[in-house]
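Only one structure is covered here, and it is reproduced in the block below.
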Amino acid sequence: DVQLQASGGGLVQPGGSLTLSCAVSGVTFDEYAIGWFRQAPGKERDGVSCISHSGKSTYYTNSVKGRFTISRDDAKNTVYLQMSSLEPEDTAVYYCAADDGVLGRGCSTFPRHSGMKHWGQGTLVTVSS
């Protein structure tokens, strides 16, 4: 049973920084790709970033390139999303999701959220002055 727990959200002013964490359990962590997706109120869920099971490949949606960094710590079974230069349009519930990077599709379907098999509950990020 794959379990993902997103945390670290909160209120931040425009231009500020925030780091989100995704704790993963129930799988062999280094065999799973992990993606971050976000959904603003009343809007569809969109891909933000994805990291391959090995950590060798990363992917970002154009709007966050140069501002966000995804990473993974295999010793802690945790994936991070470091966010800087935050903008009001970054406001959303951020979800982490997983897909088998060895037997499944990994990050190959990013940025489509429908390609990820396992999902966490999400954490709210609000960027406002």
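Keep in mind it's a predicted model, so treat the numbers as computed, not measured. Heads up: numbering here begins at 1 and tracks the sequence. Quick note: numbers below take in every heavy atom, side chains included, and nothing from hydrogens, waters or symmetry partners.
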Any chance you could measure [X], atom [atom1], to [Y], atom [atom2], to the nearest 0.5 Å?
X	Y	atom1	atom2	answer
I34	H53	CD1	NE2	11.5 Å
F68	I70	CZ	CD1	11.0 Å
Y59	T109	OH	OG1	10.5 Å
L20	Y80	CG	OH	12.0 Å
R67	D90	CZ	CG	4.0 Å
Y32	L4	OH	CG	10.0 Å

Side-chain heavy-atom pair V79, L81 within 4.5 angstrom cut-off: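 Side chain of V79 against side chain of L81, heavy atoms only: no contact under 4.5 Å found.
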Beyond-backbone contact of V24 with V27, side-chain heavy atoms, under 4.5 angstrom: yes
Within 6.0 angstrom of E87 CD, more than 12 heavy atoms from elsewhere: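 Yes, because the 6.0 Å sphere around CD of E87 holds more than 12 heavy atoms from other groups.
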Atom CD of E44 with >12 non-hydrogen neighbours under 6.0 angstrom: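 Counting neighbours around CD of E44, 12 or fewer heavy atoms of other residues, nucleotides or ligands fall under 6.0 Å, so no.
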Derivation of the side chain to side chain contact (heavy atoms under 4.5 Å, CB included) call for K117 and V2: CA-CA 9 Å; K117 287 187 171 61; V2 182; over 6 Å; no
Verdict with supporting geometry, L18 and L86, side chain to side chain contact (heavy atoms under 4.5 Å, CB included): CA-CA 8 Å; L18 204 62; L86 284 163; 4.0 Å; yes
Lys/Arg cation over aromatic F29: R72, 6.0 Å, 45° cone: yes
Row check, Y95 ring normal vs R38 NZ/CZ: under 6.0 Å, within 45°: no
Residues forming a ring pair (Phe, Tyr, Trp, His ring centres under 6.0 Å) with F37, sequence neighbours excluded: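 With neighbours one apart ignored, the set is W119.
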Basic-acidic side-chain contact under 4.0 Å: R105, D100: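 The answer is no: the pair does not qualify as a salt bridge.
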Backbone N/O of K76 and side chain of T78: donor-acceptor pair under 3.5 Å: yes
Backbone N/O of K56 and side chain of S54: donor-acceptor pair under 3.5 Å: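 Yes; at least one donor-acceptor contact below 3.5 Å.
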Intermediate values then yes/no, side chain to side chain donor-acceptor pair (under 3.5 Å), Q3 and S25: CA-CA 5 Å; Q3 296 177 322; S25 63; 3.3 Å; yes
Single-linkage hydrophobic cluster F110~I51, side-chain heavy atoms < 4.5 angstrom: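 No, because F110 and I51 fall into different hydrophobic clusters, even though each may have its own neighbours under 4.5 Å.
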